[in-house]
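These notes are about the structure you will find just below.
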Amino acid sequence: MDQERAKRLQKKYGYASAGGQKKEMNLGRGPGRGRAMGAQGKPKDTKGTILRLMKYLGQERKLIVCAVIAVLVYTASSLTASYMLRPVINRFIYYDPAESDLSGRIAGLAQALLVLAAVYAAAVFSQWLQQRIMLQVSQKSLLRMRKELFDKLQTLPIRYFDNHTTGDIMSRFTNDVDAVGEMLNTTLIQIISGSITIVGTIVLMLYTNVVLGLMTILMTPVLTLVSKMIIKAGRKAYSAQQRNLGILNGFAQETITGQKVVKIFNHEEIATDEFDYLNEELMNAQIKAQFQSGIMGPVTHQLCNLSYALTACVGAVLVVKQGFDLGGLAISVNYTRQFNRPINEISMQMNNVFSALAGAERVFEVLDQEPERETEQTVPMTKIEGNIVVDHVDFGYTPEVSVLHDISLYAKPGQKIAFVGSTGAGKTTVTNLLSRFYDIQTGTITVDGVPIEKINRGFLRSNVAMVLQDTHLFTGTVRENIRYGRLDATDAEVEEAAKIASAHSFIVNLEHGYDTVLEQDGANLSQGQRQLLNIARAAISKAPILILDEATSSVDTRTERHIEEGMDAIMRDRTTFVIAHRLSTVRKSNAIMVLEKGRIVERGTHEELLKMNGRYADLYHEIAQLE
């Protein structure tokens with residue numbers, strides 16, 4: 001990759017340098033877009049994130065209690081088995097030959113080994129039980145987390161999806177939630193078990209020999225200090241890793257979805273370069289994160305070995321000088337190892353903890369987003385007729401840049417209002433405001449005399465049917481996709497809607513007709529066929545307000561005429577707003593609004609606007625020549 005290209009990518013994705021940390025990114029895809037794709041920097045509130053994770057676990061209190069009991073049984077069994085080695089060593093291994101016969105020693109040793117086997121069996125069973133319980137607890141917690149995340153996305157405004165790529169949002173469902181799940185599955189129970197083991201070991205160590213116990217305990221501050229230093233560095237590195245992963249996933253998803261565009265412009269090499277750049281940044285972030293967490297294990301392990309060696313040396317001196325029993329020395333050394341083992345294991349799990357906290361914070365970032373706000377006092381409505389008045393409305397996707405200026409119009413039930421104008425004139429923005437995808441800044445919009453912001457948002461949208469230029473079909477049958485417009489529609493109504501939209505003829509020729517399964521946004525259909533299904537979906541709806549945003553842009557002229565005939569039938573009792581580049585589509589409109597730079601510059605019927613010989617007439621003659 002050339003240096004100039006690398007600089008452009010660094011600027012685009014906000015990297016200070018290759019492999020470095022990021023600044024605030026602007027990855028937007030439209031007006032008002034530009035928020036960062038992922039969490040920035042180190043976790044803002046580690047303690048708060050942990051407490052929120054604990055709330056998910058708290059909903060399974062009974063299972064948690066059972067898991068803790070199993071942990072206590074496991075810890076008690078392990079510590080008891082270790083302590084039982086002291087009398088075994090003193091009585092049956094290092095013994096006074098004058099006071100013990102061989103057969104008695106063998107019988108006693110066999111009996112002691114049986115007891116040890118039973119204790120270890122209890123430890124194994126309790127360890128299996130605690131892991132099984134925690135697996136259930138973690139999966140139930142993840143179930144709730146995914147549900148909350150998905151439910152939250154349903155409440156977020158369209159503006160949020162403008163500012164975040166699909167790949168980044170999906171990364172929170174997959175990579176981030178999976179990181180939390182890995183920690184809850186194994187790491188959490190190891191931390192709990194290790195903590196209890198440490199406490200129990202300290203008690204038995206001091207009981208066995210105070211000097212050796214204190215020596216081991218005094219090494220703990222050293223281990224804690226070293227761990228804290230590594231954790232501090234690792235936390236930031238793991239946040240960067242999760243953020244980089246979200247960026248890479250977003251780019252990959254976007255590129256795969258837009259393969260036709262990539263190929264038609266011969267940008268495969270550019271896409272590959274950009275992916276390589278992001279992939280390398282992810283690799284650098286992962287190396288740093290994995291190194292920060294991986295170094296903890298070896299460092300703490302060697303400190304544990306140092307503690308083990310000191311205990312053995314001092315213990316040997318006590319045996320020689322003060323008559324400390326060999327069994328006591330053996331279990332003291334064993335307890336030193338047992339005391340250090342959970343510390344070492346916990347440190348080895350820090351990579352999972354870092355990843356989980358970074359992932360959880362990204363999930364909570366979505367959960368903390370402001371949902372679409374409903375007006376505190378909405379006007380109760382049981383029906384919408386479709387009387388719409390737009391009065392002196394100004395709007396901008398960002399406060400600094402206005403898109404619409406002083407827009408005023410009205411529409412009565414059964415009327416057809418058309419918007420024409422150059423690309424970017426503000427036509428789609430007007431219809432977005434009618435659906436309350438965005439809220440106006442100044443002016444008023446009323447529906448049946450009620451300000452639109454005082455109408456329940458869900459009720460309003462249930463009375464609006466929309467056909468967009470960008471088609472979207474769900475995985476399922478053709479019948480299910482049409483019925484999406486009204487879930488209680490009968491099969492006969494589905495077929496009638498398809499006939500109105502001129503979709504019936506091609507549907508019956510599909511392999512399984514209306515039961516043909518569509519996948520990948522209807523990839524097994526042509527673009528025009530997908531649009532016909534979207535129109536059928538709107539046709540089946542009984543919504544009194546209909547919005548057609550370039551609804552016939554993806555069909556040929558002949559099919560367009562058939563659709564217009566059917567659309568005339570479904571528009572008869574509806575307030576309809578039409579956006580179209582083909583002026584033949586808007587000729588029969590009751591009123592045509594000509595927009596330029598966010599302002600209505602002309603209005604009237606087709607004939608009236610032609611007589612004005614203004615902007616509409618220019619558009620009409622230009623398009624007529626092209627057609």
Side-chain angles (χ1 to χ4, degrees), residues 60-97 99-138 185-210 212-213 216-217 304 307-308 311-312 315 319 324-346 348-349:
E60 300 296 333
R61 291 183 182 87
K62 292 182 179 179
L63 288 176
I64 291 289
V65 170
C66 292
V68 172
I69 292 174
V71 169
L72 291 173
V73 173
Y74 167 73
T75 304
S77 301
S78 300
L79 294 176
T80 300
S82 297
Y83 193 81
M84 288 176 63
L85 291 174
R86 184 177 192 179
V88 169
I89 292 172
N90 289 336
R91 293 179 57 187
F92 306 118
I93 298 178
Y94 294 97
Y95 60 91
D96 185 352
E99 299 180 1
S100 179
D101 62 281
L102 180 61
S103 59
R105 291 199 307 276
I106 293 175
L109 180 60
Q111 186 177 3
L113 290 177
L114 288 175
V115 174
L116 275 173
V119 173
Y120 279 123
V124 170
F125 175 77
S126 58
Q127 186 178 37
W128 171 84
L129 185 61
Q130 71 189 27
Q131 292 176 347
R132 180 66 181 84
I133 293 173
M134 283 307 299
L135 181 63
Q136 187 174 358
V137 170
S138 65
N185 282 339
T186 57
T187 303
L188 182 62
I189 197 64
Q190 285 193 10
I191 292 175
I192 295 174
S193 177
S195 301
I196 296 174
T197 299
I198 290 171
V199 174
T201 304
I202 289 175
V203 173
L204 288 175
M205 285 170 60
L206 294 175
Y207 176 77
T208 304
N209 189 284
V210 174
L212 296 181
T216 303
I217 294 171
C304 291
S307 176
Y308 180 83
T311 301
V319 170
F324 183 46
D325 61 284
L326 289 174
L329 174 60
I331 66 169
S332 292
V333 173
N334 189 43
Y335 280 143
T336 299
R337 178 77 74 183
Q338 200 160 336
F339 177 78
N340 292 326
R341 179 181 55 79
I343 295 178
N344 197 35
E345 288 179 351
I346 291 173
M348 293 290 287
Q349 291 295 327

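None of the values given here were measured: they were computed from a predicted structure. All residue numbers in this chain count up from 1 along the given sequence. Quick note: numbers below take in every heavy atom, side chains included, and nothing from hydrogens, waters or symmetry partners.
Considering CD1 of I192 and CE of M134, their distance stands at 5.5 Å, rounded to 0.5 Å. Taken to the nearest 0.5 Å, the CD1 atom of I196 stands 11.0 Å off from the OG1 atom of T201.
Sorted by first and then second residue, the pairs that involve residues 60-72 and meet side chain to side chain donor-acceptor pair (under 3.5 Å), not counting sequence neighbours, are E60-R144.
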Donor-acceptor pairs are to be reported for all side-chain atoms of residues 66-80 against protein atoms at under 3.5 Å, with residues two or more places apart or in another chain.
from, atom 1, to, atom 2, distance (Å)
T75, OG1, V71, O, 2.9
S77, OG, V73, O, 2.7
S78, OG, Y74, O, 2.9
T80, OG1, A76, O, 2.6

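Every residue two or more places apart in sequence or in another chain that forms a side-chain contact (heavy atoms from CB on, under 4.5 Å) with Y120 is listed here: A81, L116. Applying the side-chain contact (heavy atoms from CB on, under 4.5 Å) test to Q136 and every residue at least two apart in sequence or in another chain returns L63, R132, K140. Considering only residues two or more places apart in sequence or on other chains, Q131 meets the side chain to side chain donor-acceptor pair (under 3.5 Å) condition with none of them.
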